[in-house]
Amino acid sequence: MVILGIETSCDETAASVVRDGKEILSNAIASSVEMHAKTGGIIPEQAAREQVRSIIPVISEATVNSKYEIKNIDAIAVTCGPGLIGSLLVGVETARTLAWVWNKPIVPVNHLLGHIYANWLQTPPILPAIALVVSGGHTDIVLLKDRKEIEWIGGTRDDAAGETFDKAARLLELGYPGGPAISAAAEKFQTTNPKTQIKLPRPLLYDKTFDFSFSGLKTAVLREVNHLKEINQFNSETTNQVAHEVQEAITDVLVIKTLKAVREYCVNTVLVSGGVAANSRLREKFALEIENWKLEIDLRVPPPHLCTDNADMVAAAAEFNYHPIPWQEVTTNPGLQIAEAV
Ligand code: KG4
Ligand code: ZN
């Protein structure tokens with residue numbers, strides 16, 4: 001099948017044409033991240049206005065570049081949730097309208113499932129698998145028994161991993177989005193002085209559940225920053241040092257908990273996805289620990305541009321979970337959970 005995917009859950013407006021859920025024929029993306037960088041975070045109202053501005057040009061670009069005539073596109077897939085209500089509405093209303101005008105089937109897609117299905121592009125993995133989804137608003141571990149049966153086995157009790165990167169970056173005055181900013185600062189620290197005295201907590205690391213909790217880590221960063229300011233030592237060197245430790249703390253917990261789940265559920269595949277999966281230290285640590293634990297498993301992490309929000313993953317998720325519904329019934333669901341049907 002050839003599917004046009006549409007993704008507008010947050011601050012990216014994306015459209016892609018994907019064949020058989022594996023082959024990306026074209027994609028286009030517009031991001032309002034630069035605008036949000038000026039305010040240090042996303043203002044939902046402004047994100048939605050930018051979605052309105054970008055949606056038609058982005059879909060036009062993707063469809064024209066695919067070299068497929070509209071009549072040869074088999075279906076439209078659109079993110080219905082979770083996400084920001086204003087942003088989601090733009091994608092969903094556009095998809096509904098196009099489905100009606102072009103007379104195409106429409107498939108609603110759970111954004112979090114979309115992140116997981118970024119791992120299907122090119123070569124589909126073998127199930128069962130443990131999947132870690134780490135985005136700006138979500139941190140979840142699920143067991144994919146097969147494509148139809150997904151069991152949630154753990155998640156964050158408070159802040160998501162991406163949100164923690166973003167909040168720590170704000171405290172360290174490194175700008176938005178926080179993940180790439182923390183990563184860049186951490187890299188500078190490693191190259192100058194690989195010894196750190198700053199130690200941050202690894203919340204719930206030895207806890208028996210597969211849950212996470214990052215709010216204490218955020219408070220610890222705040223305390224460290226305040227302390228550095230008090231002693232007049234808040235400078236680029238200490239900032240890089242804290243950034244390094246934040247990244248180590250978050251990635252330690254994510255990797256260890258996920259691999260514990262892999263061992264407990266005896267699976268041979270681990271799928272990592274979502275914006276935080278673009279983090280190179282996380283990718284490196286997964287590979288290292290899999291070797292240390294002597295696990296013979298297939299580790300899948302999409303290339304960085306398919307970890308952050310994109311429409312390729314939405315088209316792939318729709319291809320492998322093909323349940324079109326009448327366009328009149330497609331609605332937004334900002335609070336949709338990972339294992340919940342759309
Ligand atoms: O999946 P995503 O693009 O959007 C949501 O669905 O939320 O994830 C965005 C999150 C942000 O919190 C951002 O800081 C984080 O992913 N992120 C990263 C990196 N790139 C993006 N976190 C750590 N390292 C990165 N390189
Ligand atoms: Zn996302």
Side-chain angles (χ1 to χ4, degrees), residues 5-14 16 29-34 36-37 40-42 44 47 51 78-84 87-88 91 109-119 131-140 155-156 159-172 174-187 212 214 217-218 243-255 271-286 301-314 316-317 334-338:
I6 299 174
E7 157 61 42
T8 66
S9 65
C10 191
D11 57 347
E12 260 95 28
T13 316
S16 303
I29 188 159
S31 172
S32 53
V33 69
E34 278 175 26
H36 304 301
I42 294 175
Q51 295 282 4
V78 64
T79 296
C80 288
L84 303 171
S87 291
L88 287 168
V109 172
N110 181 328
H111 178 79
L112 300 170
L113 203 64
H115 274 305
I116 295 177
Y117 274 83
N119 283 299
L132 170 73
V133 181
V134 268
S135 67
H138 296 82
T139 299
D140 289 300
T156 186
D159 294 352
E163 196 177 345
T164 312
F165 270 110
D166 293 335
K167 287 177 176 167
R170 191 191 292 210
L171 291 170
L172 292 168
L174 290 170
Y176 179 86
I182 293 268
S183 181
E187 215 154 286
F212 302 93
F214 291 112
L217 177 59
K218 182 186 64 188
H244 171 265
E245 181 61 9
V246 167
Q247 181 169 266
E248 290 305 311
I250 296 175
T251 53
D252 274 350
V253 186
L254 293 177
V255 171
L271 310 170
V272 186
S273 58
V276 176
N279 185 277
S280 49
R281 182 65 179 136
L282 181 69
R283 303 162 82 94
E284 177 186 63
K285 211 175 261 186
F286 259 113
V301 195
H305 70 281
L306 294 176
C307 289
T308 47
D309 288 350
N310 65 85
D312 313 57
M313 68 185 200
V314 176
L336 194 64
Q337 300 295 309
I338 191 161

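Whatever order the structure lists them in is the order used to number ligands and atoms, beginning at 1. What you see below is based on every heavy atom in this structure, not just the backbone, and it leaves out hydrogens, waters and symmetry mates.
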* Minimum heavy-atom separation for Pro303 to Arg283, with atom names? ->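 Smallest heavy-atom distance, with atoms named: CA-NH2, 3.9 Å.
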
[X] N/O under 3.5 Å from ligand 1 N/O:
X	result
Gly136	yes
Pro177	no
Glu12	no
Phe165	no
Gly162	yes

Do [X] and [Y] have side chains that get closer than 4.5 Å, going by heavy atoms?
X	Y	value
Ile6	Thr13	no
Ile338	Leu113	no
Val78	Val314	no
Asp159	Phe212	no
Ser87	Asp11	no
Cys10	Ile42	yes
Ser273	Val301	no

| query | Do the side-chain N and O atoms of Lys285 and Thr251 include a donor-acceptor pair separated by under 3.5 angstrom? | reply |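 A donor-acceptor contact under 3.5 Å links the two side chains.
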
message = Taking only non-hydrogen atoms of Arg281, do any sit less than 4.0 angstrom from ligand 1?
response =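 Outside the 4.0 Å threshold, so no.
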
May I ask whether Pro180 has any heavy atom positioned less than 4.0 angstrom from an atom of ligand 1?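 Pro180 counts as a contact of ligand 1 under the 4.0 Å cut-off.
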
Exercise for review: Can you figure out which of Ile42, Asn310, Asn279, Leu112 has its heavy atom closest to atom 26 (N) of ligand 1?
Suggested key: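 Checking each option, the heavy atom nearest atom 26 (N) of ligand 1 is found in Asn279.
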
Checking only N/O/S atoms, does His138 have one that is under 2.8 Å from the Zn ion (ligand 2)?
->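 No, outside the cut-off.
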
Exercise. Would one find an N, O or S atom of His111, in either backbone or side chain, under 2.8 Å from the Zn ion (ligand 2)?
Worked result: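 Short answer: yes, at least one N, O or S atom is under the cut-off.
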
Just heavy atoms, cut-off under 4.0 Å: does Asp166 contact ligand 1 by side chain, backbone, both, or neither?
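The answer is the side chain.
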
Ligand 1-proximal atoms of His138, by part, heavy-atom distance under 4.0 Å =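 Within the 4.0 Å criterion, His138 makes no contact with ligand 1.
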
Spell out, as yes or no, whether a donor-acceptor pair under 3.5 Å connects the side chain of Ser183 to the backbone of Asn279.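 Answer holds: no.
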
Give the atom numbers and elements of ligand 1 that come within less than 4.0 Å of a heavy atom of [X].
X	answer
His115	1 (O), 6 (O)
His111	6 (O)
Gly137	7 (O)
Thr308	3 (O)

Nearest protein heavy-atom contact for [atom]: which residue, which atom, what distance?
atom	answer
atom 17 (N) of ligand 1	Gly275 O, 3.5 Å
atom 22 (N) of ligand 1	Gly179 CA, 3.2 Å
atom 2 (P) of ligand 1	Asp309 OD1, 3.4 Å

Next on the checklist: Go through it in stages, so that I can follow the logic: the residues are Glu7 and Ser9, the test is side chain to side chain donor-acceptor pair (under 3.5 Å), and I'd like the CA-CA distance, side-chain angles, deciding distance and then a yes or no.
Outcome noted: CA-CA 6 Å; Glu7 157 61 42; Ser9 65; 2.6 Å; yes

message = Rounded to the nearest 0.5 Å, what separates atom OG1 in Thr8 from atom NE2 in His111?
response =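 Here the interatomic distance stands at 10.0 Å.
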
If you consider just the N/O/S atoms, which atom of His115 is the closest one to the Zn ion (ligand 2)?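 The atom in question is NE2.
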
- Proximal heteroatom of Asp309 relative to the Zn ion (ligand 2) (N/O/S):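 The atom in question is OD1.
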
Item to complete: Evaluate whether atom CZ of Arg170 has more than 12 neighbouring non-hydrogen atoms of other residues, nucleotides or ligands under 6.0 angstrom away.
Response: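 At most 12 heavy atoms, drawn from other residues, nucleotides or ligands, come within 6.0 Å of this atom.
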
